[in-house]
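What's counted below: heavy atoms across the whole structure, side chains too, no hydrogens, waters or symmetry copies.
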Amino acid sequence: MELLNEIWQTARRNKLRTGLTGFAVAWGIFMLIVLLGAGNGLINAQMKQSDRFLSNSMMVFGGMTTKPYKGLQEGRYLPLKDRDIAATRTDFPQTVDHVGAVLSQYGQTVSYGQQYLSTSLVGVYPNHFQIEKTEMLHGRFINEIDMREERKVIVLGNNQAKELAPSNLPPLGEASSAEASGAAASPNGGRLVGAYVKVGAFAFRVVGIYKERENGSADAFIPYTTLKTMYGKGDDAGRIEFTFHGLETEQQNEQFEHSYTQRLGANHQVAPDDEDAFWLWNRYTQSMQMQKGIGIIRMALWIVGLFTLLSGIVGVSNIMLITVRERTHEFGIRKAIGARPWSILKLIITESIIITTIFGYVGMLLGIAANEYMDATLGHTKVDAGLFKATMFVDPTVGIDVCIEATLVMIIAGTIAGLIPAMKAARIRPIEALRAE
C-alpha cells in the first residue's frame, strides 16, 4: 500500500510526464483496435456479398466469336442451346454434379384480384435454390415434379407478395394445400401460398415466398420446362448453371474451363482457341481470389497496426528513460539511507506496469467504443450501385481476445521499457547518483 501511495504521489508531481506516457500507451492500442475493426468491417462486407452464392458453382453465358472458323466469320452471337445442357450433364460426369439452366421472359404482369405488378418471369431448375442460396419464407421452391409435369406453379418474392396481397385486404381464395395451412394469416404475404395469381392469361398457383435480395429488383420463378413450353422458346437454353466438385486449385479450374468451352465450341462451330466465345462465371476461383485478397488486407492491417503499437512502445521507452534520469538524484539519496537495489527496481517496474495497465485499458475501451460507433453508423449505410445495393461495413469490430492481447503486449512492453533503465538505476553507486544534476 505504501508503494502504491508513493507511485501516486510521484504521478501527481509529474502530471505531464505521466500523461505523455499514458497517451503513448492508449494511442497505440486505440489505433490498433480501430484499424483492425475498420478492416474487419470491409472484409465482412465482401464476405457477405460473396456468400450470396454457392462457391462450387459455375454459370455459363453465350458469347461472341472473335475468330473465323470453317468459313464462318467472327462476330457471331452464340446463344446456348439444349444440346449444351446435355453436353454439360453427360460429358463431365467426374466433375459436374447438378446441371440446370435459367431462362427469362421479361415484362410480365402478375395480378391477384385488383392488385398487379410487372416483373420478369424466370424459368429455373430446382438446383437454382441451392446455387443462389435462396431463403424461403413460406412454402417451397420449384421441385422435380414441377419440372417433369410442367406445372403452372410460381414462387414470388416477399415484397411482390405484399404488393399483390396487402394485409388490409382479405384473401380472394382459401389455400387448399398443407403448405399454406400455416401461412394463411401471415402478415408477410405468406397467405398467398396456395392461392392462384394470373400471369398474363395463365393462372399460376403460388407454392412459395422467398426473401428478396437488397438489389431493388426481384423475379418470379416458375419451372424451366413450363416457361419453355408456354412461350415457345424452342431449343434456346438461356444460361446454364451447375455445381461441381474436385476442382481444388486454380490450375484444375483453368483446365476444366478450357475443356468445357472447347466442348461447347464443338456444338457451335467455334475455333478451339477462341476463348471469348463463351463466358464462364466460376464462383470458386472468384472465392479463391477473394480469399487471397482478404489475406493480403489482413496482413497489411496487422503490419500497420503493429507499427502503430510499436510507436507507442518507443514512446513509453523514451519517457521511462527520461524518468529514471530525472530521478537519479532521488535514487542516490534512497541508496545512501539504506535502500536496497531491489526496492528501487520494484518501484520503477511497478510504476511502469500500473501506468501501462490503466492507460492501456482506457485505450482498449476507446477503441471498442469507436468500433461500436462505426458499426452503428457506417455498418448500416448501404451504397446504391444501380444494379444492387451493398453494405460497405458489416460488423466492423475486433474480438475481445485481440483487444486484451494488444493491451497485454503494451503492458509487457512498458514493463520491459521500465526494467532496462530501472536495472541501470539500481546498480548506480550512491555517490555518483548524488552528484547527478
Roughly how far, to the nearest 0.5 Å, is CG of N127 from CG of L54? 9.5 Å
Should M288 and N253 be marked as a side-chain contact (heavy atoms from CB on, under 4.5 Å) after you check the CA-CA gap, both sets of side-chain angles, and the distance that decides it? CA-CA 11 Å; M288 285 194 294; N253 279 271; 4.0 Å; yes
Residue pair Y284 / E248: nearest heavy atoms and the distance that separates them: OH-OE1, 3.3 Å
Could you check, using the six-membered ring where one of them is a Trp, whether F23 and F359 have ring centers closer than 6.0 angstrom? no
A quick test of your reading: do over 12 heavy atoms of other residues, nucleotides or ligands sit less than 6.0 Å from OH of Y116? no
Least distance between heavy atoms, M64 atom then G75 atom: SD-O, 3.1 Å
Once you round to the nearest 0.5 Å, how far does CD of Q105 lie from CG of D219? 12.5 Å
Report yes or no: do D274 and T65 form a side-chain donor-acceptor pair below 3.5 Å? no
Apply side-chain contact (heavy atoms from CB on, under 4.5 Å) to residues L35 and L32 and explain how you reach the verdict. CA-CA 5 Å; L35 280 171; L32 176 66; 5.9 Å; no
Please name all residues satisfying side chain to side chain donor-acceptor pair (under 3.5 Å) with T285, sequence neighbours left out, ordered by chain then number. none
Between atom CG of L164 and atom CD1 of I209, what is the distance when rounded to the nearest 0.5 Å? 8.5 Å
Would you say that I33 contacts I29 through its side chain, given a criterion of any heavy-atom pair below 4.5 Å between the two side chains? yes
Which residues share a side chain to side chain donor-acceptor pair (under 3.5 Å) with Y125, sequence neighbours left out: none
Can we say D91 and R263 salt-bridge, meaning some charged N sits less than 4.0 Å from an Asp/Glu carboxylate O? yes
Nearest heavy atoms of Y106 and S120, plus distance in Å: CD2-OG, 3.2 Å
Are the charged groups of D146 and R140 less than 4.0 angstrom apart, N to O? yes
Let me confirm one number: the CD-CZ distance from E135 to F129, rounded to the nearest 0.5 Å. 9.0 Å
Residue pair W281 / Q286, side-chain donor-acceptor N/O under 3.5 Å: yes
Spacing of L366 atom CG and M31 atom CE [to the nearest 0.5 Å]: 12.5 Å
Side-chain H-bond candidate by donor/acceptor type, N56 with H245, under 3.5 Å: no
Are Y260 and F242 near enough that their ring centres are under 6.0 Å apart? yes
Applying ring-ring contact (aromatic ring centres under 6.0 Å, His included) to F92 and F256, what does each step give before you reach the verdict? CA-CA 9 Å; F92 303 92; F256 171 79; 5.4 Å; yes
To the nearest 0.5 Å, how far apart are CG in L80 and CZ in R239? 11.0 Å
Could you tell me whether R298 sits above the aromatic face of W302, with NZ or CZ closer than 6.0 angstrom to the six-membered ring centre and within 45 degrees of the axis? no
For D276, give me all partners under salt bridge (Lys or Arg N to Asp or Glu O under 4.0 Å), at least two apart in sequence or on another chain. none
How close do K67 and D273 get, heavy atom to heavy atom, and via which atoms? NZ-OD2, 3.1 Å
Run R205 and I154 through side-chain contact (heavy atoms from CB on, under 4.5 Å) and show every step you take. CA-CA 6 Å; R205 183 165 171 267; I154 191 169; over 6 Å; no
Could E250 and K292 be called an ion pair, given the rule that one side-chain N must be under 4.0 Å from one carboxylate O? yes
Can a donor-acceptor pair be found between the side chains of E241 and S57 at a distance below 3.5 Å? no
Are Y210 and F221 an aromatic pair, judged by ring center distance below 6.0 Å? yes
